[in-house]
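We use all heavy atoms of the structure for the numbers below, so side chains are in, but hydrogens, waters and symmetry mates are not. Convention: sequence-line order gives letters A, B, ...; per-chain numbering from 1.
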2 protein chains.
Amino acid sequence: MTTTSRRPTRQRAAVAAALAQSAEFQSAQELHARLREGGDSVGLATVYRNLQSMAADGEIDVVRTEEGEAVYRACSTGHHHHLVCRVCGKAVEIEGPAVETWAAKVSAAHGFSDVEHTVEIVGTCTDCSRVK
Amino acid sequence: MTTTSRRPTRQRAAVAAALAQSAEFQSAQELHARLREGGDSVGLATVYRNLQSMAADGEIDVVRTEEGEAVYRACSTGHHHHLVCRVCGKAVEIEGPAVETWAAKVSAAHGFSDVEHTVEIVGTCTDCSRVK
DNA sequence: GGTGACATGACAATGATTCTCAAATGAAAT
DNA sequence: ATTTCATTTGAGAATCATTGTCATGTCACC
(Lines give C-alpha, C1' and ligand atoms only; values in the text may rest on other atoms or scores of the structure.)
Protein backbone atom coordinates (compact mmCIF):
# COMPACT_ATOMS: atom_id res chain seq x y z
CA MET A 1 0.00 0.00 0.00
CA THR A 2 2.80 2.35 0.90
CA THR A 3 5.00 0.67 -1.65
CA THR A 4 5.83 3.49 -4.00
CA SER A 5 8.92 2.09 -5.64
CA ARG A 6 11.32 4.85 -6.53
CA ARG A 7 14.64 5.09 -8.16
CA PRO A 8 17.69 5.92 -6.05
CA THR A 9 19.40 9.00 -7.39
CA ARG A 10 22.16 11.29 -6.27
CA GLN A 11 19.67 14.12 -5.85
CA ARG A 12 17.23 12.18 -3.76
CA ALA A 13 20.02 11.06 -1.49
CA ALA A 14 21.32 14.63 -1.23
CA VAL A 15 17.94 15.94 -0.21
CA ALA A 16 17.48 13.22 2.37
CA ALA A 17 20.95 13.87 3.72
CA ALA A 18 20.46 17.61 3.95
CA LEU A 19 17.22 17.05 5.75
CA ALA A 20 18.78 14.64 8.20
CA GLN A 21 21.59 17.07 8.90
CA SER A 22 19.36 19.17 11.09
CA ALA A 23 16.74 18.25 13.63
CA GLU A 24 14.82 21.44 12.91
CA PHE A 25 12.09 22.11 10.41
CA GLN A 26 13.38 23.44 7.12
CA SER A 27 11.63 24.86 4.11
CA ALA A 28 12.19 23.54 0.61
CA GLN A 29 13.83 26.83 -0.27
CA GLU A 30 16.25 26.62 2.63
CA LEU A 31 17.18 23.08 1.78
CA HIS A 32 17.72 24.03 -1.81
CA ALA A 33 20.01 26.90 -0.83
CA ARG A 34 21.92 24.70 1.57
CA LEU A 35 22.47 22.07 -1.08
CA ARG A 36 23.70 24.71 -3.49
CA GLU A 37 26.21 26.02 -1.02
CA GLY A 38 27.34 22.54 -0.10
CA GLY A 39 28.23 21.86 -3.71
CA ASP A 40 25.50 19.27 -4.19
CA SER A 41 23.64 21.20 -6.83
CA VAL A 42 20.05 20.03 -7.08
CA GLY A 43 17.29 21.71 -9.04
CA LEU A 44 14.64 23.50 -7.01
CA ALA A 45 11.83 21.59 -8.65
CA THR A 46 13.60 18.37 -7.82
CA VAL A 47 13.89 19.33 -4.19
CA TYR A 48 10.16 19.94 -4.12
CA ARG A 49 9.36 16.71 -5.90
CA ASN A 50 11.49 14.62 -3.61
CA LEU A 51 10.22 16.25 -0.44
CA GLN A 52 6.68 15.66 -1.60
CA SER A 53 7.12 12.03 -2.39
CA MET A 54 8.97 11.42 0.85
CA ALA A 55 6.23 13.14 2.77
CA ALA A 56 3.60 11.16 0.91
CA ASP A 57 5.31 7.99 2.01
CA GLY A 58 5.44 9.21 5.57
CA GLU A 59 9.21 9.20 5.62
CA ILE A 60 9.33 12.83 6.65
CA ASP A 61 7.22 15.30 8.56
CA VAL A 62 5.45 18.26 6.98
CA VAL A 63 3.95 21.21 8.74
CA ARG A 64 2.63 24.53 7.55
CA THR A 65 4.15 27.71 8.86
CA GLU A 66 1.97 30.49 10.18
CA GLU A 67 2.65 32.19 6.86
CA GLY A 68 1.61 29.14 4.89
CA GLU A 69 5.07 27.98 3.94
CA ALA A 70 5.63 24.23 4.03
CA VAL A 71 8.47 23.09 6.26
CA TYR A 72 9.89 19.59 6.39
CA ARG A 73 11.78 17.55 8.92
CA ALA A 74 13.35 14.15 9.14
CA CYS A 75 10.86 12.26 11.25
CA SER A 76 12.69 10.35 13.91
CA THR A 77 10.10 7.75 14.71
CA GLY A 78 6.44 7.02 14.72
CA HIS A 79 3.59 9.39 15.31
CA HIS A 80 4.18 12.42 17.48
CA HIS A 81 3.55 16.12 17.79
CA HIS A 82 5.61 19.26 18.15
CA LEU A 83 6.11 21.99 20.65
CA VAL A 84 7.63 24.88 18.78
CA CYS A 85 9.17 28.09 20.05
CA ARG A 86 7.70 31.03 18.20
CA VAL A 87 10.88 33.03 18.59
CA CYS A 88 13.85 30.80 17.91
CA GLY A 89 12.02 27.99 16.14
CA LYS A 90 13.35 25.31 18.45
CA ALA A 91 11.11 22.28 18.26
CA VAL A 92 10.55 19.62 20.85
CA GLU A 93 9.08 16.32 19.90
CA ILE A 94 6.27 15.24 22.16
CA GLU A 95 3.91 12.37 22.44
CA GLY A 96 0.42 12.39 23.78
CA PRO A 97 -1.54 9.24 24.29
CA ALA A 98 -4.24 11.41 25.75
CA VAL A 99 -4.65 13.29 22.52
CA GLU A 100 -4.61 10.19 20.40
CA THR A 101 -7.45 8.57 22.22
CA TRP A 102 -9.40 11.79 22.44
CA ALA A 103 -9.11 12.34 18.69
CA ALA A 104 -10.20 8.81 17.96
CA LYS A 105 -13.16 9.06 20.28
CA VAL A 106 -14.38 12.39 18.97
CA SER A 107 -14.16 11.45 15.32
CA ALA A 108 -15.86 8.16 15.88
CA ALA A 109 -18.67 9.94 17.66
CA HIS A 110 -19.27 12.00 14.53
CA GLY A 111 -19.09 9.04 12.19
CA PHE A 112 -15.79 10.03 10.64
CA SER A 113 -13.50 7.34 9.31
CA ASP A 114 -9.93 7.15 8.08
CA VAL A 115 -8.93 9.89 10.46
CA GLU A 116 -5.69 11.78 10.83
CA HIS A 117 -4.91 14.59 13.18
CA THR A 118 -2.50 17.43 13.62
CA VAL A 119 -1.54 19.03 16.89
CA GLU A 120 0.84 21.93 17.00
CA ILE A 121 1.68 23.82 20.13
CA VAL A 122 3.55 27.09 19.85
CA GLY A 123 4.90 29.13 22.70
CA THR A 124 7.98 30.93 23.89
CA CYS A 125 10.75 28.81 25.27
CA THR A 126 12.70 29.66 28.42
CA ASP A 127 15.70 31.12 26.65
CA CYS A 128 13.65 33.40 24.45
CA SER A 129 11.34 34.67 27.14
CA ARG A 130 14.35 35.51 29.28
CA VAL A 131 15.93 37.78 26.69
CA LYS A 132 12.75 39.66 25.82
CA MET B 1 -4.91 44.83 25.40
CA THR B 2 -7.12 43.54 22.66
CA THR B 3 -8.37 47.06 22.18
CA THR B 4 -7.52 47.66 18.57
CA SER B 5 -9.89 50.50 17.86
CA ARG B 6 -10.97 50.41 14.26
CA ARG B 7 -13.18 52.49 12.14
CA PRO B 8 -16.50 51.04 11.03
CA THR B 9 -16.72 51.07 7.26
CA ARG B 10 -19.10 49.73 4.67
CA GLN B 11 -16.42 47.34 3.46
CA ARG B 12 -15.59 45.94 6.86
CA ALA B 13 -19.26 45.31 7.52
CA ALA B 14 -19.67 43.67 4.14
CA VAL B 15 -16.80 41.29 4.78
CA ALA B 16 -18.11 40.39 8.22
CA ALA B 17 -21.58 39.84 6.80
CA ALA B 18 -20.35 37.66 3.97
CA LEU B 19 -18.36 35.62 6.41
CA ALA B 20 -21.32 35.17 8.73
CA GLN B 21 -23.50 34.08 5.84
CA SER B 22 -21.95 30.65 5.83
CA ALA B 23 -20.90 28.34 8.62
CA GLU B 24 -18.15 26.85 6.47
CA PHE B 25 -14.57 27.92 6.05
CA GLN B 26 -14.05 30.29 3.17
CA SER B 27 -10.94 31.65 1.51
CA ALA B 28 -10.33 35.34 1.06
CA GLN B 29 -10.63 34.85 -2.67
CA GLU B 30 -14.01 33.16 -2.35
CA LEU B 31 -15.31 35.88 -0.09
CA HIS B 32 -14.09 38.52 -2.49
CA ALA B 33 -15.83 36.85 -5.42
CA ARG B 34 -19.02 36.43 -3.43
CA LEU B 35 -19.02 40.10 -2.48
CA ARG B 36 -18.50 41.07 -6.09
CA GLU B 37 -21.45 39.00 -7.23
CA GLY B 38 -23.62 40.30 -4.44
CA GLY B 39 -23.04 43.85 -5.60
CA ASP B 40 -21.03 44.85 -2.53
CA SER B 41 -17.86 45.59 -4.40
CA VAL B 42 -14.89 45.48 -2.09
CA GLY B 43 -11.26 45.52 -3.13
CA LEU B 44 -9.35 42.28 -2.79
CA ALA B 45 -6.64 43.89 -0.70
CA THR B 46 -9.30 45.25 1.60
CA VAL B 47 -10.83 41.83 2.07
CA TYR B 48 -7.43 40.52 3.09
CA ARG B 49 -6.75 43.42 5.43
CA ASN B 50 -10.05 43.08 7.19
CA LEU B 51 -9.85 39.34 7.54
CA GLN B 52 -6.40 39.70 9.00
CA SER B 53 -7.31 42.30 11.57
CA MET B 54 -10.41 40.38 12.57
CA ALA B 55 -8.38 37.25 12.97
CA ALA B 56 -5.76 39.12 14.95
CA ASP B 57 -8.47 40.23 17.33
CA GLY B 58 -9.75 36.72 17.62
CA GLU B 59 -13.10 37.63 16.11
CA ILE B 60 -12.77 34.98 13.47
CA ASP B 61 -11.12 31.63 12.97
CA VAL B 62 -8.23 31.02 10.61
CA VAL B 63 -6.92 27.69 9.42
CA ARG B 64 -4.50 26.70 6.74
CA THR B 65 -5.62 24.37 4.00
CA GLU B 66 -3.56 21.35 3.09
CA GLU B 67 -2.40 23.43 0.13
CA GLY B 68 -1.43 26.32 2.33
CA GLU B 69 -4.35 28.55 1.53
CA ALA B 70 -5.78 30.51 4.44
CA VAL B 71 -9.46 29.95 5.10
CA TYR B 72 -11.60 31.94 7.50
CA ARG B 73 -14.75 31.32 9.40
CA ALA B 74 -17.03 33.26 11.67
CA CYS B 75 -16.10 31.88 15.06
CA SER B 76 -19.20 31.04 17.00
CA THR B 77 -17.83 31.16 20.50
CA GLY B 78 -14.72 30.66 22.53
CA HIS B 79 -11.88 28.29 21.93
CA HIS B 80 -12.53 25.10 20.07
CA HIS B 81 -11.20 22.81 17.37
CA HIS B 82 -12.42 21.35 14.13
CA LEU B 83 -13.22 18.00 12.67
CA VAL B 84 -13.08 18.40 8.92
CA CYS B 85 -14.18 16.05 6.17
CA ARG B 86 -11.41 15.74 3.61
CA VAL B 87 -13.87 15.09 0.83
CA CYS B 88 -16.75 17.52 1.17
CA GLY B 89 -15.11 19.96 3.52
CA LYS B 90 -17.87 19.78 6.09
CA ALA B 91 -16.58 21.01 9.43
CA VAL B 92 -17.79 20.12 12.87
CA GLU B 93 -16.89 22.26 15.82
CA ILE B 94 -15.58 20.28 18.75
CA GLU B 95 -14.30 20.98 22.20
CA GLY B 96 -11.75 19.03 24.13
CA PRO B 97 -11.02 19.79 27.73
CA ALA B 98 -8.69 16.82 27.65
CA VAL B 99 -6.58 18.41 24.96
CA GLU B 100 -6.49 21.78 26.65
CA THR B 101 -5.11 20.43 29.87
CA TRP B 102 -2.73 18.12 28.11
CA ALA B 103 -1.30 20.96 26.04
CA ALA B 104 -0.89 23.14 29.09
CA LYS B 105 0.83 20.40 31.01
CA VAL B 106 3.23 19.44 28.26
CA SER B 107 4.29 23.00 27.47
CA ALA B 108 4.79 23.80 31.13
CA ALA B 109 6.96 20.74 31.51
CA HIS B 110 9.26 22.09 28.80
CA GLY B 111 9.36 25.59 30.23
CA PHE B 112 7.35 27.14 27.44
CA SER B 113 5.23 30.19 28.18
CA ASP B 114 2.54 32.16 26.41
CA VAL B 115 1.32 29.04 24.69
CA GLU B 116 -1.24 28.52 21.95
CA HIS B 117 -2.21 25.32 20.28
CA THR B 118 -3.83 24.08 17.15
CA VAL B 119 -5.63 20.82 16.74
CA GLU B 120 -7.08 19.76 13.44
CA ILE B 121 -8.64 16.42 12.77
CA VAL B 122 -9.38 15.41 9.22
CA GLY B 123 -11.22 12.32 8.14
CA THR B 124 -13.97 11.14 5.86
CA CYS B 125 -17.52 11.77 7.00
CA THR B 126 -20.29 9.20 6.78
CA ASP B 127 -21.84 10.59 3.61
CA CYS B 128 -18.59 10.73 1.72
CA SER B 129 -17.30 7.33 2.75
CA ARG B 130 -20.61 5.81 1.66
CA VAL B 131 -20.36 7.10 -1.91
CA LYS B 132 -16.70 6.13 -2.45
C1' DG C 1 26.18 -1.32 -25.52
C1' DG C 2 21.17 -0.46 -26.40
C1' DT C 3 16.54 0.89 -24.82
C1' DG C 4 12.55 2.60 -22.60
C1' DA C 5 10.80 4.55 -18.37
C1' DC C 6 11.51 7.50 -14.87
C1' DA C 7 14.14 11.58 -12.88
C1' DT C 8 16.12 15.95 -13.43
C1' DG C 9 16.94 20.94 -14.47
C1' DA C 10 16.11 25.44 -16.21
C1' DC C 11 12.73 28.39 -16.62
C1' DA C 12 7.98 29.78 -17.46
C1' DA C 13 3.50 29.94 -15.33
C1' DT C 14 0.36 30.11 -11.55
C1' DG C 15 -1.93 31.80 -7.70
C1' DA C 16 -2.38 33.56 -3.16
C1' DT C 17 -0.94 37.27 -0.54
C1' DT C 18 1.33 41.79 0.19
C1' DC C 19 2.85 46.32 -1.12
C1' DT C 20 2.31 51.07 -2.97
C1' DC C 21 0.36 55.31 -3.03
C1' DA C 22 -3.06 58.46 -4.48
C1' DA C 23 -7.87 59.22 -3.60
C1' DA C 24 -11.93 58.60 -0.50
C1' DT C 25 -13.93 58.63 3.94
C1' DG C 26 -14.82 58.57 9.11
C1' DA C 27 -14.48 61.30 13.53
C1' DA C 28 -14.02 65.06 16.15
C1' DA C 29 -13.21 69.79 16.41
C1' DT C 30 -14.62 74.33 14.67
C1' DA D 1 -21.99 72.39 7.92
C1' DT D 2 -16.87 72.75 7.13
C1' DT D 3 -12.22 71.90 8.18
C1' DT D 4 -8.86 68.81 9.35
C1' DC D 5 -6.27 64.75 9.52
C1' DA D 6 -5.44 60.05 10.41
C1' DT D 7 -7.24 55.81 8.67
C1' DT D 8 -9.07 53.02 5.09
C1' DT D 9 -9.71 51.86 0.56
C1' DG D 10 -8.83 50.38 -4.33
C1' DA D 11 -6.34 49.16 -8.51
C1' DG D 12 -2.71 47.22 -9.97
C1' DA D 13 2.09 46.06 -9.51
C1' DA D 14 5.23 43.26 -6.93
C1' DT D 15 6.46 39.02 -4.12
C1' DC D 16 7.26 34.55 -3.40
C1' DA D 17 6.44 29.74 -2.71
C1' DT D 18 5.01 26.15 -5.40
C1' DT D 19 3.81 23.75 -9.77
C1' DG D 20 4.00 22.81 -14.77
C1' DT D 21 6.63 22.02 -19.10
C1' DC D 22 9.63 19.69 -21.86
C1' DA D 23 14.03 18.57 -23.57
C1' DT D 24 17.82 16.10 -21.73
C1' DG D 25 20.14 12.88 -18.51
C1' DT D 26 20.36 8.58 -16.12
C1' DC D 27 18.98 4.02 -14.09
C1' DA D 28 17.72 -0.97 -14.46
C1' DC D 29 17.47 -4.48 -17.29
C1' DC D 30 18.08 -7.01 -21.84
Side-chain angles (χ1 to χ4, degrees), chain A residues 2-19 22 24-57 59-73 89 120, chain B residues 2-19 22 24-57 59-73 89 120:
Chain A
T2 322
T3 315
T4 313
S5 76
R6 290 167 306 179
R7 211 154 57 183
T9 67
R10 173 182 71 76
Q11 291 86 342
R12 173 175 293 273
V15 171
L19 202 57
S22 168
E24 306 298 317
F25 281 99
Q26 303 165 78
S27 71
Q29 304 281 349
E30 291 171 340
L31 282 168
H32 177 243
R34 181 161 319 181
L35 285 167
R36 273 276 149 93
E37 294 172 6
D40 283 317
S41 184
V42 177
L44 179 56
T46 302
V47 173
Y48 274 101
R49 279 186 292 241
N50 280 320
L51 287 175
Q52 283 174 351
S53 67
M54 286 176 180
D57 287 4
E59 294 178 13
I60 63 177
D61 247 8
V62 202
V63 166
R64 286 274 172 186
T65 293
E66 190 85 4
E67 298 84 45
E69 190 180 12
V71 286
Y72 306 82
R73 193 177 96 156
E120 287 299 319
Chain B
T2 324
T3 314
T4 316
S5 76
R6 289 167 310 177
R7 212 152 59 180
T9 66
R10 172 182 71 74
Q11 291 85 342
R12 176 176 290 275
V15 171
L19 201 57
S22 167
E24 305 299 318
F25 281 99
Q26 304 164 78
S27 70
Q29 304 279 350
E30 290 172 342
L31 282 168
H32 177 243
R34 182 162 316 179
L35 286 167
R36 272 276 149 92
E37 292 173 6
D40 284 317
S41 183
V42 177
L44 178 57
T46 302
V47 172
Y48 274 100
R49 279 187 292 241
N50 281 320
L51 287 174
Q52 281 174 353
S53 66
M54 287 177 180
D57 288 3
E59 294 178 15
I60 63 177
D61 246 8
V62 202
V63 166
R64 286 275 173 186
T65 294
E66 190 85 4
E67 297 85 45
E69 190 180 13
V71 285
Y72 306 84
R73 192 176 97 157
E120 288 297 320

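Contact detail for B:L51 and B:I60: the closest heavy-atom pair is O-CD1, 3.5 Å. A:Q29 and A:Y48 get closest at one heavy-atom pair: NE2-OH, 2.9 Å. Annotation for A:E67 and B:R64: closest pair C-NH2, 3.4 Å, computed over non-hydrogen atoms.
Comparing the start and finish of the helix from C:dG1-D:dC30 to C:dT30-D:dA1, five pairs each, the helix axis swings through 30°, to the nearest 10 degrees.
The residue B:Q52 sits close only to the backbone: its heavy atoms come under 4.0 Å of sugar-phosphate atoms, none of a base. Within 4.0 Å of A:Q29, counting heavy atoms only, lies at least one base atom of the nucleic acid. Among the heavy atoms of the strands lying under 4.0 Å from B:S41 are primed sugar atoms or P, OP1, OP2 only; no base atom is included.
Among the nucleotides C:dT17, D:dG12, D:dT18, the one closest to any side-chain atom of B:A45 is D:dG12.
Position along DNA chain C of the nearest nucleotide to A:V47 versus B:A28 favours A:V47 as the more 5'-ward residue.
When the P atom of D:dA17 is taken as reference, atom CG of A:L51 falls 14 Å away, rounded to whole Å. The distance between atom NE2 of B:H32 and atom C1' of D:dA11, rounded to the nearest whole Å, is 10 Å. For the pair B:Q11 CD and D:dT8 P, the computed distance is 11 Å after rounding to whole Å. Remark: P of D:dA17 and CD of B:E69 are 18 Å apart, rounded to the nearest angstrom. Separating the CG atom of A:D40 from the P atom of C:dG9 is a distance of 11 Å, rounded to the nearest angstrom. Between A:R49 atom CZ and D:dG20 atom P the separation is 10 Å, expressed in whole Å. Taking atom CZ on B:R12 and atom P on D:dT8, their separation rounds to 7 Å, with Å as the unit. Atom-to-atom, CD of B:E67 to P of C:dG15 comes out at 13 Å; the value is rounded to the nearest Å.
In terms of phosphate contacts, B:N50 brings a side-chain nitrogen or oxygen within less than 4.0 Å of OP1 or OP2 of D:dT9. Residue B:Y48 places at least one side-chain N or O under 4.0 Å from the OP1 or OP2 atom of C:dT17. Contact annotation: A:T46 side-chain N/O to C:dG9 OP1/OP2 distance is under 4.0 Å.
Between the CZ atom of A:F25 and the OG1 atom of A:T65 there is a distance of 9.5 Å, given to the nearest 0.5 Å. A:R73 contributes atom CZ, which lies 8.5 Å from atom OG of A:S22 (distance to the nearest 0.5 angstrom). For the atom pair A:Q11 CD and A:R49 CZ, the distance stands at 10.0 Å (nearest 0.5 Å). For the atom pair OH (B:Y72) and CD (B:Q52), the distance works out to 5.5 Å, reported to the nearest 0.5 Å.
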Review item, side-chain donor-acceptor pairs of residues 34-42 of chain A, under 3.5 Å, at least two apart:
from, atom 1, to, atom 2, distance (Å)
A:R34, NH1, A:Q26, OE1, 3.0
A:R36, NE, A:S41, OG, 3.3

Dump every N/O contact between nucleotides 25-30 of chain D and the protein below 3.5 Å, one line per pair.
from, atom 1, to, atom 2, distance (Å)
D:dC27, O2, A:R7, NH1, 3.3

